[in-house]
Amino acid sequence: MDETFRQQVFEIIRLIPLGRVTSYGAVARAVGYPNHARHVGNALRHYDEDFPAHRVCNSSGQITAGCLAEFSDKLAAEGIEVVGNRIKDFRKVFWNPIEEL
DNA sequence: AGCATGACGCGGG
DNA sequence: TCCCGCGCCATGC
């Protein structure tokens, strides 16, 4: 994917409010690429210290295996509980980028 | 050009 | 809800 795609993905994710989360697919739709959820994930393979990548999970509220430990800690620090690899009350804390445009 | 892969999504059963 | 299959699409070999 091109650089602008990544820029927009990062931009949207920075907008996620503290204590809320969203999904790869939702971000993809928000930047105008409805069928590129996988690429959103790819764009997130590297990010800065302060970047809230932990606020992004799949459409069913599950955290990807490799980042489980790190993400659940950060999420817990923001008041979001993680049970197993799943975000508790996902529907409640879900933030939809589209509705915020 | 063909095939596998991946921080994914969705509809069915 | 869980599990599965299929769709999706850039990338790399």
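All chains are named by letter (A, B, ...) in the order of the sequence lines, taking the proteins before the strands, and each is independently numbered beginning at 1.
Of all non-hydrogen atoms in A:A28 and A:A37, the two that sit nearest each other are CB-N, 3.9 Å.
Which of B:dC8, B:dA7, B:dC10 sits closest to the side chain of A:L44 comes down to B:dA7. With B:dA7, B:dG9, C:dC2 as the choices, the nucleotide that has an atom nearest any side-chain atom of A:S23 turns out to be B:dG9. The side chain of A:R38 lies closest to C:dC8, out of B:dC10, B:dA7, C:dC8. Of all nucleotides listed (B:dA7, C:dC9, B:dC10), C:dC9 comes nearest to the side chain of A:H36.
Regarding A:H39, its NE2 atom lies at a distance of 12 Å from the P atom of B:dC8, rounded to whole Å. Here C:dG12 presents its C1' atom at 12 Å from CZ of A:R45, a figure rounded to the nearest Å. Taking atom CG on A:N42 and atom C1' on C:dC8, their separation rounds to 13 Å, with Å as the unit. Here C:dG7 presents its P atom at 13 Å from CG of A:N35, a figure rounded to the nearest Å. Rounded to whole Å, atom P of C:dT1 lies 11 Å from atom CD of A:Q62. For the pair A:N85 CG and C:dT1 C1', the interatomic distance rounds to 14 Å; values are reported in whole Å. In this entry the distance linking OH of A:Y24 with C1' of C:dC8 reads 17 Å, nearest Å. Remark: P of B:dG6 and CG of A:N58 are 16 Å apart, rounded to the nearest angstrom.
Using a 4.0 Å heavy-atom distance criterion, A:Y47 is classed as a base contact. Using a 4.0 Å heavy-atom criterion, one finds that A:F5 contacts no nucleic acid atom at all.
A donor-acceptor pair is defined here as one N or O able to donate and one able to accept, closer than 3.5 Å; such a pair exists between the side chain of A:S23 and the backbone of A:A26.
No side-chain donor from either of A:E11 and A:Q7 sits under 3.5 Å from a side-chain acceptor of the other.
Taking only side-chain nitrogens and oxygens, A:T64 never comes nearer than 4.0 Å to OP1 or OP2 of B:dA7.
Taking CZ of A:F94 as the start and OG of A:S59 as the end, the distance is 8.5 Å to the nearest 0.5 Å.
Comparing C:dC13 with B:dA7, their C1' atoms sit 22 Å apart, to the nearest whole Å.
Taking the six-membered ring where tryptophan is involved, the planes of A:F5 and A:Y33 are perpendicular, since the angle between them exceeds 60° and thus also 30°.
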